[in-house]
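What follows is a short report on a single structure.
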There are 2 protein chains.
Amino acid sequence: MTKPAPAGRQAVPAPPGGHGETAAETGAPARLRIGEAAQRTGVSERTLRYYEEIGILAPAGHSAGGCREYGQLELERVQRIRELQELIGLNLEEIRGVVTREDRLGTLRDAYHQSEDPSERRALVLEALEMTEALHERVATKVVRITDFRDELAGLIGRYREVLDGLDAVPV
Amino acid sequence: MTKPAPAGRQAVPAPPGGHGETAAETGAPARLRIGEAAQRTGVSERTLRYYEEIGILAPAGHSAGGCREYGQLELERVQRIRELQELIGLNLEEIRGVVTREDRLGTLRDAYHQSEDPSERRALVLEALEMTEALHERVATKVVRITDFRDELAGLIGRYREVLDGLDAVPV
DNA sequence: GGCGAATCTCACGTTGACGTAAACTGCGAG
DNA sequence: CTCGCAGTTTACGTCAACGTGAGATTCGCC
């Protein structure tokens with residue numbers, strides 16, 4: 001990581017497209033190489049390669065020479081991964097479970113899969129639904145706990161302020 | 001960890017005191033040895049020793065033979081540490097910063113320190129206040145982000161349900 | 001087509017937070 | 001007194017999630 005980058009909540013800036021030739025013109029959805037992809041997402045290049053290595057993030061494609069290329073989808077996926085990792089506290093193994101299930105579901109939307117066995121498609125959606133519900137449950141619990149904790153801190157701050165006022169009332 | 005223990009939100013059960021001899025009688029505030037302390041807090045004995053090793057949790061005292069003894073305060077402190085660790089995502093180094101500052105402030109409450117330099121006491125409280133405010137800020141940000149994420153998941157669940165209903169409408 | 005910057009693929013190193021095994025000790029029951 | 005258990009110190013092992021070169025390739029600009 002060369003530049004820490006506020007790590008805040010700015011959305012991943014879409015790949016360039018300076019004036020008019022965004023994607024609809026070129027057909028190619030504006031790909032980034034690993035260096036810039038790393039900068040935009042705020043992770044290291046090594047991290048992107050590692051994510052690929054363990055199978056949670058594949059580049060959108062490769063250049064003729066073999067350089068990884070990432071599109072908007074992949075950048076957002078990195079954000080998703082980081083969110084699950086830092087915010088929820090999942091490890092990459094658990095994250096793999098989440099994203100692969102989402103991927104399998106994503107293939108459903110592709111037209112050439114519409115012909116598949118309907119009951120199997122139902123099973124896929126159901127599986128994704130159940131996993132999402134489990135994740136939601138987990139997150140909801142965490143929201144409650146962390147909210148409580150925040151309020152405790154607020155109370156603590158109030159008491160500190162009182163003590164401080166008490167001390168100020170009796171100056172040196 | 002021998003018994004996983006739901007890891008939920010039950011308060012740390014106070015050390016025994018079977019019938020009437022809680023603490024006011026014996027003078028000693030009901031100490032536990034490391035094995036039971038570990039069980040009650042849901043961490044391993046190694047973890048308790050490790051916390052001591054890195055200076056974030058000292059046992060209340062030792063038995064004649066050198067066994068560590070933990071009281072209610074220490075058990076709660078373990079919970080606090082785990083909360084900061086798992087819920088907020090602080091590492092033990094950061095946690096050390098939090099708890100030691102709280103400790104230094106805690107000595108203020110001890111009567112025999114009332115005589116200290118008032119301006120120094122003010123500085124101590126101020127320091128703890130500022131650190132707590134910084135932590136509160138950090139936690140508040142996290143609350144917002146994780147709440148958003150939870151709501152996103154809820155929306156996702158809704159859409160999955162719709163898709164599923166759509167599939168069910170066209171039975172096999 | 002040449003050159004410096006960016007990427008590539010191994011492959012070993014690191015760090016935090018413990019796990020785990022070994023050898024020793026204190027102590028209450030039988 | 002001995003057995004056995006819970007506890008102690010010391011020290012090496014582990015695992016995830018990358019960090020960090022080394023040496024070979026590729027990119028893109030002059």
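Chain letters run A, B, ... following the sequence lines, proteins first and then strands; every chain starts at 1.
With rounding to whole Å, A/Glu45 atom CD is found 11 Å from C/dC8 atom C1'. Between B/His62 atom NE2 and D/dG7 atom P there is a gap of 13 Å when expressed in whole angstrom units. Per the geometry, CD1 belonging to A/Ile56 stands 12 Å off C1' belonging to D/dC18, to the nearest Å. Here the P atom of nucleotide C/dG16 and the CZ atom of B/Arg82 are 17 Å apart, to the nearest Å. A/Leu32 places its CG atom 15 Å from the C1' atom of C/dT7, with the value rounded to the nearest Å. Look at CD on B/Glu52: it is 14 Å from P on D/dG7, rounded to the nearest Å. Rounded to whole Å, the distance from CD1 on A/Ile81 to C1' on D/dA17 is 13 Å. Atom P of nucleotide C/dA17 and atom OH of B/Tyr51 are separated by 8 Å, given to the nearest angstrom.
The pair A/Arg77-A/Asp103 meets the salt-bridge criterion, since a charged nitrogen lies less than 4.0 angstrom from a carboxylate oxygen. Using a 4.0 Å cut-off between charged nitrogen and carboxylate oxygen, A/Glu74 and A/Arg80 do not count as a salt-bridge pair. A salt bridge does not link A/Glu133 with A/Arg138: every distance from a Lys NZ or Arg NE/NH1/NH2 to an Asp or Glu carboxylate oxygen is 4.0 Å or more. A salt bridge between A/Arg33 and A/Glu45 is absent, with no side-chain N of the basic residue lying under 4.0 Å from a carboxylate O of the acidic one. Ion pairing between a basic and an acidic side chain is recognised when a charged N comes within 4.0 Å of a carboxylate O; B/Glu130 and B/Arg101 show no such pairing.
Between the side chains of A/Gln79 and A/Glu83, no donor-acceptor pair is found at a separation under 3.5 Å.
For residues 84-98 of chain A, proximity to DNA chain C is found at no residue, defined as any non-hydrogen atom under 4.0 angstrom from a strand atom.
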Legend entry - Worked verdict on B/Leu92 versus B/Ile95 for side-chain contact (heavy atoms from CB on, under 4.5 Å): CA-CA 5 Å; B/Leu92 297 184; B/Ile95 293 178; 3.9 Å; yes
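At distances below 3.5 Å, at least one donor-acceptor pair connects side-chain atoms of B/Arg96 with backbone N or O atoms of B/Ile54.
Within 6.0 Å of the CD atom in B/Glu137, the count of heavy atoms belonging to other residues, nucleotides or ligands does not exceed 12.
Side-chain atoms of A/Tyr50 lie closest to D/dC18 of the nucleotides D/dC18, D/dG7, C/dT7.
For D/dA17, neither phosphate oxygen OP1 nor OP2 lies less than 4.0 angstrom from any side-chain nitrogen or oxygen of A/Arg49.
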Inset, instruction - Can you check each nucleotide of nucleotides 20-30 of chain D against protein heavy atoms at under 4.0 Å and return B for base, S for sugar-phosphate only, - for none, in 5' to 3' order? - result: B-----SSS--
